[in-house]
Number of protein chains: 2
Amino acid sequence: MKTMKISEAVVRRLPIYLRYLNELRMKDVQTVSSQDLGHKLDLNPAQIRKDLAYFGEFGKKGIGYDVGYLIEKIRQILKLDQYINVALVGAGNLGRALSNYNAYLKDNMKIVAVFDSMPDKIGQQINNLTVKPMSELVETIQANKVRIGIITVPASEAQKVADDFVKSGVEAILNFAPIIIRVPAEIRVHYADFTTELQSLAYYLD
Amino acid sequence: MKTMKISEAVVRRLPIYLRYLNELRMKDVQTVSSQDLGHKLDLNPAQIRKDLAYFGEFGKKGIGYDVGYLIEKIRQILKLDQYINVALVGAGNLGRALSNYNAYLKDNMKIVAVFDSMPDKIGQQINNLTVKPMSELVETIQANKVRIGIITVPASEAQKVADDFVKSGVEAILNFAPIIIRVPAEIRVHYADFTTELQSLAYYLD
DNA sequence: TAGATTGTTAATCGATTAACAATC
DNA sequence: TAGATTGTTAATCGATTAACAATC
């Protein structure tokens, strides 16, 4: 199963499993079945078993999955067992809001640098981070071994920022700007655009 | 084609088409082919034609799609030709950032009310909106004909907020809290969780 | 043991892509 | 007309779900 390519749908469900498993652990629940998980997460139990089986045999027949063990395994799969440094460009409202998520990201993922091109933003303090000028981006990212870049600039600036990220060696990008960016194929880009999200939601209004 | 149920994947692509079509219109481009669109948006042209064909015959054989006409049609499909009022609960960093998106949402969608349960937040000014207490939620939403609710409170509060939204008659919910909420089947819920987004991105790191 | 639940194969369902007649 | 491009059908591909032997 190791070299099988995993579909994005599967990968997107893993953090959802993880989130609920952490909840269970906080309640000192020892064991959970795919049935329990499916019921709670509105997913088919067979799908959950299949998702997990791509990566190994984590359950016990007749028993279910050990909560702590499954958490550990999913964290490994998602590479959340390593420290991952993140940088963010665009210290506007959204950028500042996301920078404050550091608390939620726990200690394994961390926004370690924030950049902006506007002189009035540079030098501003966001929690314990100082907004840096774009001219320091490549150097700072390399020095801090940043692996994920977040873009929260206007659409017109997003491609430029993406190019800088690529130059600096970032491996993945989360783009909040409402535009499709071009990067080399080996760099993974995910999109998180609030506006398109709301617009697709409008479709389902009566 | 009218009564066919459209897959979510299709609906999610429509705002992407719209976004790029608006760009084209600003550049005074009159006509676009599915090939052009596909190239720009990294999608298969056949898929784009099929997506659009679910809703009608918008193109001209040998020519392509009229940009202005297609914009109009997609806006109709997404119900963006009506005014849609939105309410937001949770005036933290993220909530305040999203409230500032009003400018981007153009004049057809608008956040018309912001609520919070914390006394220190209530009465705060966000642009031209005053943060209101939760006790005024149902009444305000009904008075303003709010149809979409946004949740930006901590996970522990999200279900309660969802319940209030349901009570007030909201038709769809965009939930930024990292938890699955339970609502009646006729209410559409979309999720936008920054943390799970980053975690699934981590999977693709080398 | 009897009941429960996994891991996995097979069946189903749905979405994407290719192909092409129609036609601008 | 010749070239381009749609709308749509058929083919392919992939993801979800059902079913069940294995086994705790």
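Because the structure is predicted, anything quoted here is derived from the model rather than measured. Letters A, B, ... are given to chains in the order of the sequence lines, protein chains preceding strands, and every chain is numbered from 1.
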Task: nucleotides 17-24 of chain D: protein proximity per nucleotide (B base, S sugar-phosphate only, - neither; heavy atom, under 4.0 Å) - done: BBB--BBB

Open item on the list: Quick one: does any side-chain atom of B:Asn175 pair with a main-chain N or O of B:Ile179 as donor and acceptor, under 3.5 Å?
Closed with: yes

Task: Atom-to-atom span, CG of A:Leu70 to C1' of C:dG7 - whole angstrom - done: 14 Å

TODO: Send over the distance from B:Tyr65 OH to D:dT5 C1', rounded to a whole Å.
DONE: 9 Å

TODO: Could you walk me through whether B:Phe194 and A:Leu174 pass the side chain to side chain contact (heavy atoms under 4.5 Å, CB included) test, one step at a time?
DONE: CA-CA 9 Å; B:Phe194 171 63; A:Leu174 180 53; 3.9 Å; yes

Open item on the list: For DNA chain C, please output the secondary structure as dot-bracket, reading 5' to 3'. Pairs are Watson-Crick or G-U wobble, both atom distances under 3.5 Å; mark crossing pairs with [ ], other-strand partners with |, unpaired with a dot.
Closed with: ..||||||||||||||||||||||

Open item on the list: Looking at B:Lys160 and B:Asp163, is any side-chain nitrogen of the basic one under 4.0 Å from a carboxylate oxygen of the acidic one?
Closed with: no

Task: Any A:Arg13 side-chain nitrogen or oxygen under 4.0 Å from OP1 or OP2 of D:dT16 - done: yes

- [ ] Report the distance from atom CG of B:Leu24 to atom CD of B:Gln30, rounding to the nearest 0.5 Å.
- [x] 10.5 Å

Open item on the list: To the nearest 0.5 Å, what is the distance between CG on A:Leu37 and OG on A:Ser34?
Closed with: 7.0 Å

- [ ] May I have the distance from B:Asp42 (atom CG) to C:dT16 (atom C1'), rounded to whole angstrom?
- [x] 15 Å

Task: Set of residues satisfying side-chain contact (heavy atoms from CB on, under 4.5 Å) with respect to B:Thr31, sequence neighbours excluded - done: B:Ile63

Only pairs under 3.5 Å count here: list side-chain donor-acceptor contacts from residues 142-152 of chain A, not counting sequence neighbours, and write none if there are none.
residue, atom, partner, partner atom, Å
A:Asn144, ND2, A:Thr140, O, 2.8
A:Arg147, NE, A:Glu171, OE2, 2.9
A:Arg147, NH1, A:Gln82, OE1, 2.7
A:Arg147, NH2, A:Glu171, OE1, 3.2
A:Arg147, NH2, B:Asp206, O, 3.2
A:Thr152, OG1, A:Val89, O, 3.1
A:Thr152, OG1, A:Gly90, O, 2.7

Under 3.5 Å donor-acceptor pairs involving side-chain atoms of residues 12-21 of chain B, not counting sequence neighbours:
residue, atom, partner, partner atom, Å
B:Arg12, NE, B:Glu8, OE2, 2.9
B:Arg12, NH1, A:Glu197, OE2, 3.1
B:Arg12, NH2, A:Glu197, OE2, 3.0
B:Arg12, NH2, B:Glu8, OE2, 3.4
B:Arg12, NH2, B:His190, ND1, 3.3
B:Arg13, NE, B:Asp51, OD2, 2.6
B:Arg13, NH2, B:Asp51, OD1, 3.1
B:Arg13, NH2, B:Asp51, OD2, 3.3
B:Tyr17, OH, B:Asp51, OD2, 2.6
B:Arg19, NE, A:Pro178, O, 3.2
B:Arg19, NH1, A:Asp193, OD2, 3.0

Task: Neighbours of DNA chain C within residues 30-40 of chain A, by heavy-atom distance under 4.0 Å - done: A:Ser33, A:Ser34

- [ ] Can you measure from CG (A:Leu201) to CD1 (B:Ile173) and round to the nearest 0.5 angstrom?
- [x] 9.0 Å

- [ ] State whether the side chain of B:Asp116 and the backbone N or O of B:Lys121 hold a donor-acceptor pair below 3.5 Å, judged by distance alone.
- [x] no

- [ ] Grab the CG-C1' distance between B:Asp51 and D:dG7 for me, whole Å please.
- [x] 13 Å

Task: Cation-pi geometry met for A:Lys60 and A:Tyr65 (6.0 Å, 45°) - done: no

Task: Separation of atom CD in B:Glu57 from atom C1' in D:dT8, rounded to whole Å - done: 10 Å

